[in-house]
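For reference, the structure is listed below as structure tokens.
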Amino acid sequence: MKKSFRLENLDCAHCAAVMENGIRKIEGVHEASISFMTRRLVLDADEGRFPDILKEAAVICRRVEPDCFIKE
């Protein structure tokens, strides 16, 4: 399953790269990419685990940049 999400309050290109690398390491993620310019996360992951993967991705984003959150 592939979906796109807006990242609110993403202020740093380096942070976006760190978030992307962290999300890619989540079990069940096939591909993840974050565009700093458009502030979008494109996530391709197992459909059955997608809600849990999205929650884990949100935790990673907050850990890297505390004000950043994934908007569905």
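Just so it is clear, the model here is predicted, and its values are computed rather than measured.
At a threshold of 4.5 Å between side-chain heavy atoms, the hydrophobic network of Ile, Leu, Val, Met, Phe, Trp and Tyr places Met1 and Ile23 in one connected group. Phe5 and Leu10 fall within a single hydrophobic cluster, where Ile, Leu, Val, Met, Phe, Trp and Tyr are joined by side-chain heavy atoms under 4.5 Å apart, directly or via other members. Note: the hydrophobic cluster containing Val18 does not contain Val42 (ILVMFWY, side chain heavy atoms under 4.5 Å, direct or indirect links).
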- Item | Worked check of side-chain contact (heavy atoms from CB on, under 4.5 Å) between His30 and Asp46 | CA-CA 7 Å; His30 305 295; Asp46 293 340; 2.8 Å; yes
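Salt-bridge check for Glu56 with Arg49: passed, with a basic side-chain N closer than 4.0 Å to an acidic carboxylate O.
Contact record, Ala32 with Leu43: CB-CD1, 4.1 Å, taken as the closest heavy-atom pair. In terms of heavy-atom proximity, Ile34 sits nearest to Met19 at CD1-CB, 3.6 Å. Of all heavy-atom pairs between Gly48 and Pro51, the closest is O-CD, 4.4 Å. For the residue pair Ala16 and Phe36, the shortest heavy atom distance occurs at CB-CB, 4.3 Å.
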Taking distance alone, no hydrogens or angles, what donor-acceptor pairs closer than 3.5 Å link side-chain atoms of residues 60-72 to residues at least two apart or in another chain?
residue, atom, partner, partner atom, Å
Arg62, NE, Cys68, O, 3.3
Glu65, OE2, Asp11, N, 2.7

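Leu54 contributes atom CG, which lies 8.0 Å from atom NZ of Lys3 (distance to the nearest 0.5 angstrom).
Scanning for salt bridge (charged side-chain N to carboxylate O under 4.0 Å, His left out) contacts around Arg40 gives an empty result, with sequence neighbours left out.
One N or O on the side chain of Arg6 and one on the backbone of Thr38 form a donor-acceptor pair closer than 3.5 Å.
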